[in-house]
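For reference, the structure I am asking about is given below.
Counting convention: from 1, in listed order, for ligands and their atoms alike.
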Amino acid sequence: MVLKLVGAPVSTCTRRVATVLVEKKVPFEFIPIDMSKGEHKAASFVSNQPFGQVPYIDDDGFILYESRAIGRYLCDKYPDQGAKLVPALNDVKGRALFEQAASNEYQNFDPLAYRACFEMIFKKRRGLTPDPAVFEQLITALAAKLEAYEIILGKQKYLAGDEITLADLFHIPYATTLALAGTDIMSKQGPNVTRWYKELSERPSWVAVKDGVQSMSSY
Ligand SMILES: N[C@@H](CCC(=O)N[C@@H](CS)C(=O)NCC(=O)O)C(=O)O
């Protein structure tokens, strides 16, 4: 049975998963959830995603949520299909460097990037008033983190080495949404971050889903 991706077409986390599905060339059926109607809080949804957040996948009855966990699952299930994205299990050092880079995304990049996007974009959707001063503080803090990225990416092509991994791809949804929030931080931090961000934002898997996820029946 074809894998089902249950999510919202332009949610950042749903598009994170869809990007990996496209990278791994996994056909999927997209089941859209209308968050404006609160469908993600309905009992039928919460029975599969107890936090009432999109997305989750239904892989022939196997239910999994958390976008990054889904990405890892897809790479483990389809190691020889599509882009590799995660070092092999027996590549102990490669695996450790991948997890180091993935932690950077989750701990150093995502909290600040998410809050900056929340301040200028998501607040408006909820009828709240953005605070540009808070946004600027967050962007200043994020710029300090990106100074470390500039050093890392000056020594290697990607965050975990010279091969692209999930750790790079996981950044794309919020890195690109930052531009919509009104900052060019990803393009002016330094030549290495600029080069890395440009490549990620133009990656075909992201281009295929960035304007809204749709089912993919074949590749
Ligand atoms: N850590 C979760 C976060 C999921 C998440 O926050 N999803 C957002 C949309 S991108 C959501 O459903 N927000 C609604 C809510 O939290 O009530 C993941 O990576 O899947």
- Item | From CG (Leu178) to CG (Leu112), nearest 0.5 Å | 10.0 Å
- Message: Could you identify the single nearest non-hydrogen protein atom to atom 6 (O) of ligand 1 and state the distance to 0.1 Å?
- Response: Gln53 NE2, 3.4 Å
- Name the closest protein heavy atom to atom 4 (C) of ligand 1, giving the residue it belongs to and the distance to 0.1 Å.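 Ranked first by proximity to atom 4 (C) of ligand 1 is Val54 O, 3.3 Å.
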- Message: Could you identify the single nearest non-hydrogen protein atom to atom 1 (N) of ligand 1 and state the distance to 0.1 Å?
- Response: Glu66 OE1, 2.7 Å
- Specify the closest pair of heavy atoms between Ser67 and Arg16, including all atoms of both residues, with the distance to one decimal. OG-NH1, 3.0 Å
- Item | Within-cut-off N or O pair, Thr12 and ligand 1, under 3.5 Å | no
- Message: I'd like to know if the side chain of Gln49 reaches the main chain of Tyr65, judged simply by a donor and an acceptor atom lying under 3.5 Å from each other, with no hydrogens or angles considered.
- Response: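 Checked: no pair found.
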- Task: Taking Asp184 for its side chain and Ser187 for its backbone only, find out whether a donor-acceptor pair lies under 3.5 Å.
- Result: no
- Query: Within the distance-only criterion (no hydrogens, no angle test), does the side chain of Asp168 pair as donor or acceptor with the backbone N or O of Thr165 below 3.5 angstrom?
  - Reply: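 Flag set: sc Asp168 to bb Thr165 pair under 3.5 Å.
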- Is Ser67 in polar range of ligand 1, meaning some N or O pair under 3.5 Å apart? yes
- Output yes when the distance from some N or O of ligand 1 to some N or O of Pro55 is under 3.5 Å, and no in every other case.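 Such a contact does not occur with ligand 1.
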- Query: Can a salt bridge be assigned to the pair Asp110 and Arg68 using a cut-off of 4.0 Å between side-chain N and carboxylate O?
  - Reply: yes
- Enumerated ligand 1 atoms positioned under 4.0 Å from heavy atoms of Arg68: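 Every atom of ligand 1 under 4.0 Å from some heavy atom of Arg68: 19 (O).
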- Message: So, regarding Lys41 and ligand 1 (criterion: nitrogen or oxygen to nitrogen or oxygen, under 3.5 Å), is there a contact or not?
- Response: yes
- Between Arg195 and Glu199, is the closest basic N to carboxylate O distance under 4.0 Å? no
- Message: Heavy atom to atom 11 (C) of ligand 1, shortest distance: which of His40, Arg15, Met35 holds it?
- Response: Met35
